[in-house]
Amino acid sequence: QVQLVESGGGLVQAGGSLRLSCAASGRIWSYHVMGWFRQTPGKEREFVAAIQWSSSNTYYGDSVKGRFTISRDNAKNTVYLQINSLKPEDTAVYYCAATSERFGVTSKISYDYWGQGTQVTVSS
């Protein structure tokens, strides 16, 4: 079992920044990749970013490249998502997820465990 707890969401003005955190516990060493997804009502859950625990490999969705940065702290079992230059269209619930897969990490169906999500709201 793996537990994922997101934090750091909130209300921010357009152009601002946020850093989301995902604290992982449990058998996290079995899961090679941590990902961030986001979802708005009525839409599919969208891939945002992913990172491998054991390497510097990172992956980003096209809509966030250049503004979002994913990082990890292995000692704390924590993954971060730095979000800069926020736009109103970034408003969503952001979810952290873990997968044992090494491929297909941009697809939500690859992920085994999910956090409860943290709301990010960007005002214009």
Side-chain angles (χ1 to χ4, degrees):
Q1 289 286 339
V2 172
Q3 294 78 42
L4 304 173
V5 179
E6 303 98 331
S7 61
L11 174 63
V12 64
Q13 288 188 332
S17 298
L18 280 175
R19 189 177 80 156
L20 307 184
S21 299
C22 173
S25 60
R27 296 175 61 86
I28 194 61
W29 57 86
S30 298
Y31 295 85
H32 302 295
V33 174
M34 299 292 293
W36 285 97
F37 288 75
R38 65 185 182 184
Q39 190 170 22
T40 55
K43 292 189 176 181
E44 291 286 325
R45 194 163 292 190
E46 176 191 17
F47 171 73
V48 173
I51 189 167
Q52 292 187 351
W53 282 115
S54 59
S55 76
S56 59
N57 290 346
T58 57
Y59 312 84
Y60 292 95
D62 289 339
S63 63
V64 305
K65 284 180 181 176
R67 296 189 299 121
F68 289 25
T69 303
I70 190 170
S71 62
R72 72 193 190 294
D73 184 333
N74 290 35
K76 294 182 179 180
N77 284 349
T78 300
V79 176
Y80 304 98
L81 185 69
Q82 178 69 39
I83 311 175
N84 297 326
S85 303
L86 276 158
K87 305 175 182 180
E89 51 263 43
D90 294 320
T91 295
V93 177
Y94 284 71
Y95 296 92
C96 175
T99 176
S100 57
E101 300 291 334
R102 296 184 184 273
F103 304 99
V105 298
T106 63
S107 173
K108 60 182 182 292
I109 64 173
S110 298
Y111 288 80
D112 305 293
Y113 290 97
W114 295 85
Q116 81 290 349
T118 185
Q119 176 72 47
V120 171
T121 303
V122 184
S123 63
S124 56

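We use all heavy atoms of the structure for the numbers below, so side chains are in, but hydrogens, waters and symmetry mates are not.
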Using a 3.5 Å distance criterion without hydrogens, assess whether the side chain of T91 forms a donor-acceptor pair with backbone atoms of V122.
yes

Provide the closest heavy-atom pair for A92 versus T40 in the form atom of the first, atom of the second, distance.
CB-CG2, 3.6 Å

If I compare all heavy atoms of V12 with all of L86, which pair ends up nearest, and what's the gap?
CG1-CD1, 3.3 Å

Nearest heavy-atom pair of Y111 and F47: which atoms, and what distance?
OH-CE1, 4.4 Å

When you compare the side chain of Y59 with that of I70, does any pair of heavy atoms fall below 4.5 Å?
no

Can you tell if the side chain of R72 reaches within under 4.5 Å of the side chain of Q52, non-hydrogen atoms only?
no

Nearest heavy-atom pair of Y60 and A49: which atoms, and what distance?
CD2-CB, 3.7 Å

Tell me, which pairs form a salt bridge (Lys or Arg N to Asp or Glu O under 4.0 Å) where one or both residues lie in residues 95-108, sequence neighbours left out?
E44-K108

Can you list the steps and then say if I51 with V79 is a side-chain contact (heavy atoms from CB on, under 4.5 Å)?
CA-CA 8 Å; I51 189 167; V79 176; 4.1 Å; yes

What do you reckon, are the aromatic ring centroids of F37 and W114 less than 6.0 Å apart?
yes

For Y94, ring-ring contact (aromatic ring centres under 6.0 Å, His included) partners two or more places apart:
none

Got a sec, which pairs hit disulfide (SG to SG under 2.5 Å) with one end in residues 25-83, sequence neighbours left out?
none

How close do T78 and W53 get, heavy atom to heavy atom, and via which atoms?
N-CH2, 3.9 Å

Do R67 and D90 pass the side-chain contact (heavy atoms from CB on, under 4.5 Å) test, and can you show the C-alpha distance, the side-chain angles, and the key distance before you say yes or no?
CA-CA 11 Å; R67 296 189 299 121; D90 294 320; 2.7 Å; yes

Would L20 and T118 satisfy side-chain contact (heavy atoms from CB on, under 4.5 Å), going step by step from the backbone distance to the final call?
CA-CA 8 Å; L20 307 184; T118 185; 4.2 Å; yes

If only side-chain N and O atoms count, and only distance matters, is there a donor-acceptor pair under 3.5 Å linking S25 with Q3?
yes

Once salt bridge (Lys or Arg N to Asp or Glu O under 4.0 Å) is applied, do any residues pair with E46, and if so which ones, sequence neighbours excluded?
R38

Among V48, V120, L18, which residue satisfies the side-chain contact (heavy atoms from CB on, under 4.5 Å) criterion with L81?
V48

Heavy-atom nearest pair, S17 first then N84, reads OG-OD1, 3.0 Å

Just wondering, do L4 and Y95 contact through their side chains at under 4.5 Å, heavy atoms?
no

Please identify each residue that fulfils ring-ring contact (aromatic ring centres under 6.0 Å, His included) with Y113, with sequence neighbours left out.
Y31

Going by side-chain heavy atoms closer than 4.5 Å, which hydrophobic residues are tied to L11, directly or by a chain of links?
none

Mind checking whether Q116 and E6 have side chains closer than 4.5 Å, heavy atoms only?
yes

Do R19 and Y80 form a cation-pi contact, if we require the NZ or CZ to be under 6.0 Å from the six-membered ring centre and within 45 degrees of the ring's axis?
yes

Connected via hydrophobic side-chain network under 4.5 Å: M34 and V64:
yes

Donor-acceptor contact present, side-chain S110 to main-chain G104, <3.5 Å:
yes

